[in-house]
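Naming convention: chains lettered A, B, ... in sequence-line order (proteins, then strands); numbering from 1 in each chain.
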Amino acid sequence: MNTLKKISDYIWKIPKKEKMKVDAYIFTDEEGLKLNSEALEQIKNVASLPGIVKAAYGMPDIHWGYGFPIGGVAAFDSENGIISPGGVGFDINCGVRLLTTTIKFDENKSRIRQLIEKIYNYVPVGVGSTSSKKYNKKDFKKIVEQGAVAVIEMGFGLQEDIEYIEDNGKIMPASFQDISPKAFERGREELGTLGSGNHFLEIQLVERIYNRKIAGLFDLFEGQLVIMIHTGSRGFGHQIATDYIQLMRTHLKKHNANLPDKQLINAPFKSELGQKYYSAMNCAANYAFANRQIITHYIRKAVREIFNIDIKVFYDITHNIAKLESHNINGVEKKVIVHRKGATRAFGPGRPEIPKKYVDAGQPVIIPGDMGTASYILVGTKKAEEYAFSSTAHGAGRTLGRRQAMRTLDLAKVLKNLEKKNIIIISKNKKTIIQEAPDAYKDIDKIASIVDELGISKRVARLIPLAVIKG
DNA sequence: ATGTTC
């Protein structure tokens with residue numbers, strides 16, 4: 001097991017051996033390593049998959065996941081590599097959106113509760129929560145093929161919002177014909193809902209600015225109220241992952257015969273099934289962008305009714321996805337399919353994918369904390385390109401599994417700690433509060449500091465929660 | 001994460 005080589009304070013290397021086709025690197029501190037022997041095994045398995053290029057990477061928030069670790073990044077050659085549902089995650093395009101306001105907290109303390117309650121009235125939350133709308137086939141097709149663009153046309157938001165969503169809220173290829181009737185049935189009534197688990201909706205305070213110049217460009221200032229949405233593709237993405245894992249089991253038995261772990265099931269990217277999963281996954285990604293867009297619409301409405309002002313989409317990032325990107329692989333520019341599972345794209349300044357307004361600073365990165373802890377706004381760097389295909393961390397990362405949290409943590413204590421910090425909490429389910437308690441997660445401040453010191457993204461602002469809605 | 005154990 002002692003195959004780890006320390007490269008520097010936060011870089012650990014597992015040199016390739018046995019089945020591994022490339023090296024693996026973990027970006028964390030000694031404590032992070034101790035917590036994660038299973039995830040290290042998983043990252044070694046990932047390094048053995050067909051067509052993997054350069055290396056397999058683990059972010060500081062790495063922990064055990066389905067097949068691939070959460071907080072993992074791996075890229076596969078687009079010609080002879082694979083695509084794997086386990087490398088994306090069940091919640092396809094789980095992601096985070098931040099909305100900025102011009103509201104100053106110290107002048108509006110008394111209205112926070114009113115605002116969170118109004119938002120709670122507008123946005124359905126919890127397991128199995130459904131919207132009052134049930135989309136017809138024609139509209140649903142448009143939504144999964146055109147994401148946020150489609151729902152803005154339907155009246156959920158402003159044209160200018162599009163500019164501030166990763167991939168402009170619409171990823172191609174995405175074809176409705178590649179999703180199952182079951183996925184359609186589940187998806188059509190859950191659009192515009194928050195869900196459960198680590199998903200949340202928070203009113204936050206910009207507590208600290210690390211880089212004034214970039215914060216200015218990002219319209220962030222100390223004392224400002226901002227609103228964060230953390231959710232994904234709900235049961236729709238989950239169904240697509242389930243469907244395609246099953247299809248790969250049935251149709252690609254031989255291809256998947258010698259996997260070190262059955263959960264690493266995959267399809268050659270260029271195969272028919274590989275392309276179908278890619279398209280269906282993009283449908284789920286579009287669905288998630290649309291989901292956060294619709295929720296934004298209702299938050300806007302709530303803010304307008306209480307404060308009589310309009311709010312802006314700062315940025316929307318995805319942290320569970322596989323994307324076709326061009327990267328420099330040992331000196332050669334190559335098309336690769338980058339799997340980021342619990343990892344955030346972090347492009348440096350100048351990239352054409354970044355909104356014009358931010359292009360000189362770099363791509364905004366949003367790292368949400370867990371319940372009752374800070375979240376961070378960071379910015380992508382040129383340096384991130386050298387490390388893990390322009391990627392950074394995505395959150396605190398669990399230390400306790402959900403069941404383990406239920407066994408060891410106490411609801412009254414968790415609630416008391418939130419109360420001590422003056423955080424208002426509205427929750428649909430008490431179980432979620434225990435499962436998502438801060439003690440079930442690593443320290444987000446440390447994660448943000450590690451990625452900052454490594455230089456794979458730089459801190460811009462620290463946000464602290466004032467009021468939170470959990471599923 | 002998830003109609004919370006395909």
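A search for salt bridge (charged side-chain N to carboxylate O under 4.0 Å, His left out) contacts involving Glu163(A) returns nothing, not counting sequence neighbours.
Mapping Val127(A) and Glu436(A) onto DNA chain B via the closest heavy atom, the residue that lands nearer the 5' end is Glu436(A).
Atoms CZ (Phe90(A)) and P (dC6(B)) sit 10 Å apart, rounded to a whole Å. Protein atom CD1 of Ile92(A) is 12 Å distant from nucleotide atom P of dT2(B), rounded to whole Å. One interatomic measurement links the two molecules: NZ of Lys470(A) to C1' of dT4(B), which rounds to 15 Å at whole-angstrom precision. Rounded to whole Å, atom C1' of dT2(B) lies 12 Å from atom CD of Gln435(A). dT5(B) atom C1' lies 14 Å from atom CZ of Arg402(A), rounded to whole Å. His199(A) has its NE2 atom 16 Å from the P atom of dT4(B), to the nearest Å. Spacing between atom CG of Leu247(A) and atom P of dC6(B) amounts to 17 Å, rounded to whole angstrom units. With rounding to whole Å, Asn291(A) atom CG is found 14 Å from dT2(B) atom C1'.
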Start with the C-alpha gap between Tyr244(A) and Tyr278(A), add the side-chain angles, then the distance that decides, and say whether ring-ring contact (aromatic ring centres under 6.0 Å, His included) holds.
-> CA-CA 10 Å; Tyr244(A) 277 91; Tyr278(A) 183 48; over 10 Å; no
Does the pair Ser131(A) and Arg188(A) meet the rule for a side chain to side chain donor-acceptor pair (under 3.5 Å), with working shown?
-> CA-CA 9 Å; Ser131(A) 155; Arg188(A) 64 190 300 201; over 6 Å; no
Any chance you could lay out the side chain to side chain donor-acceptor pair (under 3.5 Å) test for Ser390(A) and Arg345(A), step after step, and finish with the verdict?
-> CA-CA 6 Å; Ser390(A) 299; Arg345(A) 194 185 71 179; over 6 Å; no
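Under the 6.0 Å distance and 45° angle rule, Lys170(A) does not count as a cation-pi partner of Phe289(A).
In the region residues 228-245 of chain A, proximity to DNA chain B at under 4.0 angstrom, judged on heavy atoms, holds for Arg234(A), Gly235(A), His238(A).
Of all nucleotides listed (dT5(B), dT4(B), dT2(B)), dT4(B) comes nearest to the side chain of Asn429(A).
Looking at Arg459(A), its side chain never comes within 3.5 Å of a backbone N or O of Asp452(A) through a donor-acceptor pair.
Lys182(A) comes within contact range of at least one nucleobase, with a heavy-atom separation under 4.0 Å. Here Glu190(A) lies in heavy-atom contact (under 4.0 Å) with sugar-phosphate atoms only.
Checked against a 6.0 Å centroid threshold, the rings of Phe236(A) and Phe184(A) do not count as neighbours.
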